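Here is the structure we will look at.
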Number of protein chains: 4
Amino acid sequence: MSDKKKRILQATETLLAEHGFHGVSMQMVAKEAGVAAGTIYRYFEDKDDLLHQLHDHILAHVANKISQNVSDDMPLQHRFRTMWLNIWNMATQEDAPLINRGQFENLPRRESHEQKLLEKKMFAKVSTLFEEGKASGLFKNLDNEILSALSLEPSICLARKHINGVYKVNDDALEAAIQASWDAIIQH
Amino acid sequence: MSDKKKRILQATETLLAEHGFHGVSMQMVAKEAGVAAGTIYRYFEDKDDLLHQLHDHILAHVANKISQNVSDDMPLQHRFRTMWLNIWNMATQEDAPLINRGQFENLPRRESHEQKLLEKKMFAKVSTLFEEGKASGLFKNLDNEILSALSLEPSICLARKHINGVYKVNDDALEAAIQASWDAIIQH
Amino acid sequence: MSDKKKRILQATETLLAEHGFHGVSMQMVAKEAGVAAGTIYRYFEDKDDLLHQLHDHILAHVANKISQNVSDDMPLQHRFRTMWLNIWNMATQEDAPLINRGQFENLPRRESHEQKLLEKKMFAKVSTLFEEGKASGLFKNLDNEILSALSLEPSICLARKHINGVYKVNDDALEAAIQASWDAIIQH
Amino acid sequence: MSDKKKRILQATETLLAEHGFHGVSMQMVAKEAGVAAGTIYRYFEDKDDLLHQLHDHILAHVANKISQNVSDDMPLQHRFRTMWLNIWNMATQEDAPLINRGQFENLPRRESHEQKLLEKKMFAKVSTLFEEGKASGLFKNLDNEILSALSLEPSICLARKHINGVYKVNDDALEAAIQASWDAIIQH
DNA sequence: AATGAATGAGAATTCATTCAT
DNA sequence: AATGAATGAATTCTCATTCAT
């Protein structure tokens, strides 16, 4: 990807996190990226396209981060813990500003079929985890979407509160939260 | 509250849900509410104030809905189930358009101390539930913010997927999800 | 018609005549008309609509001017001469700046059926002249469009040259031109 | 003339006819001509110069077309008829797109003295026709500009209506129009 | 209290022109 | 000579806000 295009995407993400969804103008993006306003339109059709592409860009980054240090031959609970913490770290370490401000969900998305297949592939390690857990009888027999909402999304939710300063999570609480997330999806 | 003020708030919520955060102008609000543009400024200082007040307005509505049919002398699990379903129903029955579109979080908020106290009071029944659960040794000894993130927020998360059409939750899955949310916070 | 709307149309006509079709911006129109840029959009949907309405406005003016001092009971040649001179005077007296610069034809037109009927009605006196002339056997038996192209449009053509300074027409030449236009359409 | 220069002029004419005066950008011209945007500036100083040169280019083409198959030893009326039809054919056969759309007149012109002399020379056959006609007593004793406005310009005028679809001219009407144009300028 | 015409700054986008390659 | 990425001023149009009525 061209250097300028990367800088524009990066600038957009930074500004969106800082100023929220409204209040980010193309001029601001241009200035932050250090390019002329017109230059943005060489790489993106219009503002909508810029936001769409930013969505895809971030999603790829997120999928990559979540899968970090996870291999399919690790024990289930170890894999789960690693992914849970990957999400937590990503959201709390400010390297994904849009995620931890809850602004990512509001980016306009392309709802195409290819897009969905792509997303599925990107989060393959999560699917694998849930499928294996269910096959082994360890996890509840629920669809992956539900398992995810019960166990991984609380990580984002907590991280957001942590970042916003609404509530500070300490190390013990963090471990307990991971355990509780695990409790939510395993058979008892 | 004056009739016109109510109509303005109602119109704003409807339009926000429909057109997203950008694309709602004061002219549009005025038209939808059936008042003149200038009239809005009799009830709200500026656009920001309108959105702030809308935030408070919706939050009050939400707090009210969540607590519906919940009294402090009901058994813990019954109370939990009722609140979980109150959230689910509110989000899926389209009577809180901003919530189920995930746009509520993006409303500008006042981060004052009074605001926080007020919110605490509004969600008193939730706090009471968690406190009693912990006191009785049934719940894990975690802060309410964490318990909420583990058990109630998945309800919103699922409802959103359900509404968006990303994933349809059937009745059995719903019951299982409630049970799993409960599993997340109780001691094992 | 509102005073502001009139001023905007007037300003647009003046500027178009002066700067040609390109080089007239909405800002310029606003400044010339003494209104704010946004005000134009209260009266006209967009720039296209402004130009369309200007077209209609001018056409009405032209139709009115052409028919001045013409009544259907005047002798044919007298009517013809009056209309020919009405055109000439309008174009040379600078009160129809767009006409005499040949910019009028380039205004975007609405090609609707109603528009055509309206135009027909506006130029009724011209039609009547040609029809009577043909019925009496004085004029050649040609369609009005052709008769007009042969006899009245040369008036505009000459006026344009006169205004542009390409060629100055004196009074004798003017009378001769009217006579020649007449010769073009009568039987010999 | 260089091949690229020709292609640029050709592309400009095509685009102007299609998109009108606004709506033709240098980028579009470059693309249509199959050259890079910067290349245009090797052959033309700026956009204005491009349009000026296009004007001259077209005028030369027109002058050439009008004089086709006309030699000074042909009988007057035959010469007149040939030129009248040359104009008609050129305008109706789409090989002079700017003429028959009435956009040619709006091209910016250089109003220099040399330009005028050049134009005079280019239309020498027209001048000769009129001068001979007047010398022989056949034509009215009017300046060439007037004779032209009375007899040849109606051809363009009619052709434009024909092309625009405002009015379709059939073969009989065409002959009659030529005859009427002739009637306009001969002595009676 | 209520209106809605008017404002003008600011938004997205285009485009003539330049210049390093 | 030719390229085409880059520029940034200018364009059309919107919109929060004001104010005379």
Side-chain angles (χ1 to χ4, degrees), chain A residues 2-5 7-8 22-31 33-51, chain B residues 2-5 7-8 22-31 33-51, chain C residues 2-5 7-8 22-31 33-51, chain D residues 2-5 7-8 22-31 33-51:
Chain A
S2 120
D3 169 57
K4 292 228 161 122
K5 184 166 182 180
R7 267 158 52 203
I8 293 166
H22 36 320
V24 175
S25 73
M26 298 302 260
Q27 299 288 348
M28 283 168 75
V29 170
K31 200 174 171 188
V35 301
T39 302
I40 299 174
Y41 292 85
R42 291 209 77 74
Y43 298 101
F44 304 92
E45 267 191 40
D46 51 21
K47 195 176 185 181
D48 239 45
D49 186 42
L50 169 58
L51 297 177
Chain B
S2 122
D3 170 56
K4 289 214 166 138
K5 183 166 183 182
R7 266 157 51 203
I8 292 167
H22 14 347
V24 175
S25 70
M26 298 300 262
Q27 321 276 348
M28 281 169 76
V29 171
K31 201 176 169 186
V35 302
T39 305
I40 300 175
Y41 291 84
R42 234 161 243 284
Y43 298 101
F44 304 92
E45 258 182 53
D46 52 21
K47 197 179 184 180
D48 241 45
D49 184 42
L50 169 59
L51 297 178
Chain C
S2 121
D3 170 57
K4 292 226 162 123
K5 184 166 183 181
R7 267 158 51 203
I8 292 166
H22 37 323
V24 175
S25 73
M26 297 303 260
Q27 299 288 349
M28 283 169 74
V29 171
K31 201 175 170 186
V35 301
T39 303
I40 300 174
Y41 293 86
R42 291 209 77 73
Y43 298 102
F44 305 92
E45 268 191 40
D46 51 21
K47 196 177 183 179
D48 240 44
D49 185 42
L50 169 59
L51 297 178
Chain D
S2 123
D3 170 57
K4 290 213 167 142
K5 183 166 183 181
R7 266 157 51 205
I8 292 167
H22 15 348
V24 175
S25 71
M26 298 300 262
Q27 321 276 349
M28 282 168 75
V29 171
K31 200 176 169 186
V35 301
T39 305
I40 299 175
Y41 290 84
R42 229 153 251 290
Y43 298 101
F44 304 92
E45 259 183 55
D46 52 21
K47 196 179 185 181
D48 240 45
D49 184 42
L50 169 58
L51 296 177

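Quick caveat: nothing in here was measured; it's all calculated off a predicted structure. Here is how names work: the chains are called A, B, and so on, in the same order as the sequence lines, proteins then strands, and each is numbered from 1.
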Quickly work out the [X] [atom1] to [N] [atom2] distance and round it to whole Å.
X	N	atom1	atom2	result
B/Asp46	F/dC15	CG	P	17 Å
A/Phe44	F/dA6	CZ	P	12 Å
D/Lys31	F/dA5	NZ	P	13 Å
C/Met26	E/dA6	CE	P	15 Å
A/Ile40	F/dA5	CD1	P	16 Å
B/Asp48	F/dT17	CG	C1'	14 Å
B/His22	F/dA16	NE2	P	13 Å
D/Glu45	E/dT18	CD	C1'	15 Å

At less than 4.0 Å, is any side-chain N or O atom of [X] found next to OP1 or OP2 of [N]? Yes or no.
X	N	answer
B/Thr39	E/dT3	yes
A/Tyr43	F/dA6	yes
B/Lys4	E/dA1	no
C/Arg42	E/dA5	yes

What one should report as the nearest heavy-atom pair of C/Gln27 and C/Ala37 is OE1-CB, 3.9 Å
Closest contact, heavy atoms only, A/Ala36 versus A/Ala30: C-CB, 3.9 Å
Tell me if the side-chain of C/Gln27 makes a donor-acceptor pair with the base of F/dA10, cut-off 3.5 Å, by modelled atom types. no
Nearest-nucleotide comparison on DNA chain E, the residue closer to the 5′ end among D/Ser25 and A/Ala37: A/Ala37
Going from CZ on C/Arg42 to OG1 on C/Thr39, what distance comes out if it is rounded to the nearest 0.5 angstrom? 8.0 Å
Out of curiosity, B/Tyr43 OH to B/Asp49 CG, how far, rounded to the nearest 0.5 Å? 14.0 Å
From D/Ile8, D/Ile40, D/Asp46, residue fulfilling side-chain contact (heavy atoms from CB on, under 4.5 Å) relative to D/Met26: D/Ile40
Want to settle it: does A/Gly38 or B/Lys47 sit nearer the 5' end of DNA chain F, counting the closest nucleotide to each? A/Gly38
First of A/Val35 and C/Tyr41 reached from the 5' end of DNA chain F, by closest nucleotide: A/Val35
Looking across every strand, which nucleic acid part, if any, lies under 4.0 Å from A/Val24 by heavy atom: base, sugar-phosphate, or nothing? sugar-phosphate
Find the partner of E/dA1: check Watson-Crick (N1-N3 plus N6-O4 or O6-N4) and G-U wobble (N1-O2, O6-N3) distances, both under 3.5 Å, and reply none if neither fits. none
